[in-house]
Number of protein chains: 2
Amino acid sequence: MGRTSNAGKRLLEVAFDLIHDHSYGSVSVDQICSRARVNKGSFYYYYKSKTALVVAAYEERWRLKEPDYERVFALDAAPLERLSRWCEYVRSTQRERFRRYGHVCGCPYASVGGELATQDKKIQRTTQNLVERHVRYLAKAIEDARDGGDACVADPLKTAELVHSYVIGLLLRAKIYNDLKVLADLETGVFALVKVNPEKNPRH
Amino acid sequence: MGRTSNAGKRLLEVAFDLIHDHSYGSVSVDQICSRARVNKGSFYYYYKSKTALVVAAYEERWRLKEPDYERVFALDAAPLERLSRWCEYVRSTQRERFRRYGHVCGCPYASVGGELATQDKKIQRTTQNLVERHVRYLAKAIEDARDGGDACVADPLKTAELVHSYVIGLLLRAKIYNDLKVLADLETGVFALVKVNPEKNPRH
DNA sequence: CTGATTTATACGACCGGTCAACTATTTTTA
DNA sequence: TAAAAATAGTTGACCGGTCGTATAAATCAG
């Protein structure tokens, strides 16, 4: 079976970290290779292009993070509680990255999508896909909130898209200002968009 | 006074168009020069770096667009009417760019800010500044709406930031999906965030 | 031994940026 | 008023470095 290696996996991790910390355009294949301690030749043994690596890296990242989403949106919590936990999850993720990288990094999927949507169809498709998976979790929670009388929305999916837009915008704003305080009102905004029945707000 | 030229101005226009159409990282100085029919030597006669050009280009762009904002947010219109007109202005701008470039381009300031906030302090400062100018127009309209009883918000500035976040997020989403239909619900979202008194909605 | 993996090196193209020489236009001066 | 000087802008070759890509040879597990 030949020799074994985890160089491919290492490249995925390093690529995600580096690109999320900086940007696709400002991170070179050489940088990714040297940080992952993989030679350039090996890089192209595993991935046919920089684009292909990025697609794989972001899909792998989601695969790793999906269990967190399953937990945050677990059906045993009340719908509004799920949304509330998600807001806190987003903020704590950003706090952690701020500590690690020294600045606000924003939403990784939206960042790479925004940078490359008009450049690379494969990456565009990938980010669309990733966005959709996020939105599905939101939509389910919003639908349940509506059915339970906690929120007043007509179309849960549309509202989920609305909420998602708001959140990636807020993350982008936090990145531009490099300030986590921008995220302080995350939940307020989310709850305003799902028109939460005030007395049902879990933060009462 | 020596010979005269508009090469500097030409570079500003071309740089903005090219970068807005693609991205900062994927547009080279050579491309900008050849499209503007300016030699590289002249480029560096006018601007000391690619960064400096981008800063100048985006500031010039705002200078050009500010009259539109003055008109959209003119105080003779009712506050909610101003917000409504702004939504339509944003959408028509995107439609126009879609026709010209063949795809959704999103918010130029947020795009370049998101791409370079973690890379280049000068560009970060510039985009912060540009964002603030937008938000000020929004805040004034929201404040007036609140004072006129048309909206129910505690802090107009905070709400304006909320609205702005939502809109740049929506534009980012539209860019990722390359679909103007994403912007169909722009006004709905904005009005939800400013908690418009339903019967005062200008679209009744 | 076989074949999956890794190494080292090289490629030509292009990157952002520099520079000295050159041209065109206005201002100064005799 | 015409030559000279100063100013403003242009040119394209060139720099060292990095880009994404390629491949032949070496390595090593099964």
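Chain naming here is simple, since letters A, B, ... match the order of the sequence lines and numbering starts at 1 in each.
Following rounding to the nearest Å, Tyr47(B) (OH) and dT18(C) (C1') show an atom-to-atom distance of 19 Å. For the pair Arg10(B) CZ and dG9(D) P, the computed distance is 12 Å after rounding to whole Å. When the P atom of dC19(C) is taken as reference, atom CZ of Phe43(B) falls 16 Å away, rounded to whole Å. Here dC15(C) presents its C1' atom at 12 Å from CD1 of Ile32(B), a figure rounded to the nearest Å. In this structure, NZ of Lys48(B) is placed 15 Å from P of dG16(C), rounded to the nearest angstrom.
The backbone N or O of Ser28(B) sits less than 3.5 Å from a side-chain atom of Gln31(B), completing a donor-acceptor pair. Looking at Thr127(A), its side chain does come within 3.5 Å of a backbone N or O of Ile123(A) through a donor-acceptor pair.
Of all non-hydrogen atoms in Ser165(B) and Arg173(A), the two that sit nearest each other are OG-CD, 2.9 Å.
Under the side chain to side chain contact (heavy atoms under 4.5 Å, CB included) rule, Leu193(A) has a single partner from Leu162(A), Ile142(A), Val153(A), which is Leu162(A).
Ring planes of Tyr101(A) and His20(A): perpendicular class, angle over 60° (limits at 30 and 60°). Ring orientation note: the planes of Phe16(B) and Tyr109(B) are tilted relative to one another, at an angle of 30° to 60°.
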Which atom pairs link the protein and nucleotides 4-8 of chain D when you take only N or O atoms and keep those under 3.5 Å?
| from | atom 1 | to | atom 2 | distance (Å) |
| --- | --- | --- | --- | --- |
| dA8(D) | O4' | Met1(B) | O | 3.3 |
| dA8(D) | O3' | Arg3(B) | O | 3.0 |

What's touching nucleotides 18-20 of chain D from the protein side, N or O pairs under 3.5 Å?
| from | atom 1 | to | atom 2 | distance (Å) |
| --- | --- | --- | --- | --- |
| dC19(D) | OP1 | Ser28(A) | OG | 2.5 |
| dC19(D) | OP2 | Ser28(A) | OG | 3.2 |
| dC19(D) | OP2 | Asp30(A) | OD2 | 3.0 |
| dG20(D) | OP1 | Lys50(A) | NZ | 3.2 |
| dG20(D) | OP2 | Val29(A) | N | 3.2 |
| dG20(D) | N7 | Lys40(A) | NZ | 2.6 |
| dG20(D) | O6 | Lys40(A) | NZ | 3.3 |

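Tyr46(B) comes within 4.0 angstrom of the backbone, heavy atoms only, and of no base.
In this structure, Asn39(B) reaches the dG12(D) phosphate: one of its side-chain N or O atoms is under 4.0 Å from OP1 or OP2.
For Trp62(B) and Tyr69(B), the ring centers are positioned less than 6.0 Å apart.
Within the cation-pi definition used here (under 6.0 Å to the ring centroid, within 45° of the axis), Lys9(B) does not qualify as a partner of Tyr46(B).
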